Amino acid sequence: MPTKFWEAKAGRAFVGRLATGSDLVEEIERFCLEREVTAAQVTVIGAVRRARYAYYEQGDHRYLELQTDTHHEIAGFVGNISLRDDKPFLHAHATLGDAAGATVGGHLLRGTEVFAAEVMIRELGDVSLVRLPDEATGLALW
Amino acid sequence: MPTKFWEAKAGRAFVGRLATGSDLVEEIERFCLEREVTAAQVTVIGAVRRARYAYYEQGDHRYLELQTDTHHEIAGFVGNISLRDDKPFLHAHATLGDAAGATVGGHLLRGTEVFAAEVMIRELGDVSLVRLPDEATGLALW
Amino acid sequence: MPTKFWEAKAGRAFVGRLATGSDLVEEIERFCLEREVTAAQVTVIGAVRRARYAYYEQGDHRYLELQTDTHHEIAGFVGNISLRDDKPFLHAHATLGDAAGATVGGHLLRGTEVFAAEVMIRELGDVSLVRLPDEATGLALW
């Protein structure tokens with residue numbers, strides 16, 4: 001797909017924390033569903049008890065799943081909310097740091113368990129971001 | 001503590017740079033104190049001369065301090081301002097890259113010395129984020 | 001240069017995606033030139049086919065260029081737009097994750113090729129960020 005930009009209006013801003021033991025991805029999606037947030041920018045600072053994440057094999061068009069059961073700090077985070085199958089979908093990538101400061105990172109999956117997480121959600125108004133299959137990349141893109 | 005979100009109003013936006021040799025955490029907190037910023041989202045792009053950071057031991061409820069005296073690029077950053085002991089407190093996690101591109105990351109501490117740093121502070125209005133001790137995690141949370 | 005902050009007004013917000021095969025830095029700068037975005041906060045989530053990045057040698061005042069021709073996820077990103085030589089200039093640092101989750105990071109250069117990239121640009125109004133040579137660091141700073 002070609003490069004494309006949409007102009008958005010600033011929407012609502014939400015700041016919150018996630019319960020210890022909750023699923024990072026599901027908990028943010030649940031909140032967005034409840035408050036009808038369908039397009040937003042999301043950032044998280046905190047730590048996880050374990051992480052499920054992935055690397056996308058660009059040639060094979062499939063996600064390679066990775067995991068760590070060690071506690072990690074969230075040392076970097078970029079995320080957004082769009083609609084996938086008519087529901088708010090969190091697309092998030094994170095960098096995670098361990099007890100020695102060593103880092104790993106990738107595309108966050110369900111199964112990433114929160115120890116503590118402070119979340120910022122900045123809604124984007126006047127845009128409709130709907131994920132649809134993209135043949136060239138094999139991804140669901142807007 | 002359970003998951004909880006607050007709706008905030010967009011407040012002031014500040015963009016700035018930090019002096020070479022200044023303490024990254026203290027300098028941002030000093031600015032926020034001066035301008036009475038008590039809730040905000042913060043990001044930084046730049047490089048440090050040395051870093052003091054930490055990993056939180058989730059079982060033992062204590063920070064394990066880490067440090068590097070090598071120059072690093074700030075390759076990822078997530079941060080926020082809230083009130084702790086009645087003063088603006090910067091909670092920031094960062095990923096740092098060295099001359100080979102290798103990265104480390106964690107919770108930034110005082111003692112992280114700026115080489116160059118470009119800072120964005122987006123204030124959150126109509127919310128009060130006050131850090132208080134949380135027994136379950138051992139952290140000061142809002 | 002001493003610490004300095006400017007108060008900005010919230011400007012336009014743009015959300016977009018970059019074409020597969022495009023140059024991450026050039027494509028964002030081209031869009032900003034076209035829409036006359038001269039000061040902004042930028043974040044990206046996505047993956048790259050290859051990356052050109054750099055580490056700044058703080059003592060020698062020169063960039064050490066690094067590169068990887070392996071596919072990577074963008075696991076962390078901080079960026080901004082300012083004016084350099086009268087044109088929108090993207091200053092961006094990123095953390096990149098490989099198939100094993102291992103990360104590298106630094107200052108992004110032209111030559112970083114997009115596989116998929118979702119971009120948020122938040123314009124800063126009422127400020128003029130113009131990069132000029134800074135003798136102390138050897139960098140072009142605002």
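Residue numbers begin at 1 in each chain, while the letters A, B, ... track the order of the sequences. None of these values were measured; they are calculated from a predicted model.
A 4.5 Å side-chain heavy-atom check between B/W6 and A/R17 finds at least one atom pair inside the cut-off. Between A/T95 and B/T103 the shortest side-chain heavy-atom distance does not fall below 4.5 Å.
When every heavy atom of B/T3 is checked against every heavy atom of A/A19, the shortest pair comes out as OG1-N, 2.9 Å. The heavy-atom pair separating B/L139 from A/F115 by the smallest distance is CD1-CE2, 3.8 Å. Closest approach of A/A75 and B/G106 over heavy atoms only: CB-N, 3.9 Å. A pairwise comparison of heavy atoms in B/V78 and A/I45 identifies O-CD1, 3.3 Å as the closest pair.
Using a 4.5 Å cut-off between heavy atoms, A/F31 contacts chain B through its side chain alone, with no backbone atom that close. Contact annotation for A/L96: neither backbone nor side-chain heavy atoms come within less than 4.5 Å of a heavy atom of chain B. Only the side chain of A/A116 has a heavy atom closer than 4.5 Å to any heavy atom of chain B. Both the backbone and the side chain of A/T20 come within contact range of chain B, with heavy atoms under 4.5 Å apart. When heavy atoms are compared at a cutoff of 4.5 Å, A/R122 approaches chain B solely by way of its side chain, counted from C-beta outward. Residue A/V48 touches chain B through its backbone alone, counting heavy-atom pairs closer than 4.5 Å. Heavy-atom distances place no part of B/A39 under 4.5 Å from chain A, backbone and side chain included. If you measure heavy-atom distances from B/L108 to chain A, you find no contacts under 4.5 Å at all. In this structure, the portion of A/A100 lying under 4.5 Å from any heavy atom of chain B is its backbone and not its side chain. Both the backbone and the side chain of B/E7 have a heavy atom closer than 4.5 Å to some heavy atom of chain A.
In terms of non-hydrogen atom pairs under 4.5 Å with chain A, the most contact-rich of B/K9, B/H107, B/R131, B/E57 is B/R131. Contact count versus chain B (heavy atoms, under 4.5 Å) is highest, among A/G46, A/G105, A/A117, for A/G46.
At most 12 non-hydrogen atoms from other residues, nucleotides or ligands lie less than 6.0 angstrom from CZ of B/R62. Within 6.0 Å of CG on A/D86 lie no more than 12 heavy atoms contributed by other residues, nucleotides or ligands.
Checked by atom type and distance alone, the side chain of B/H93 pairs as donor or acceptor with a backbone atom of A/I74 at under 3.5 Å. Checking side-chain atoms of A/E118 against main-chain N and O of B/L141 turns up no donor-acceptor pair under 3.5 Å. Listed for the A/E73 side chain is no donor-acceptor partner under 3.5 Å among the backbone atoms of B/A54.
With rounding to the nearest 0.5 angstrom, the CZ atom of B/F5 is 6.0 Å from the CD1 atom of A/I28.
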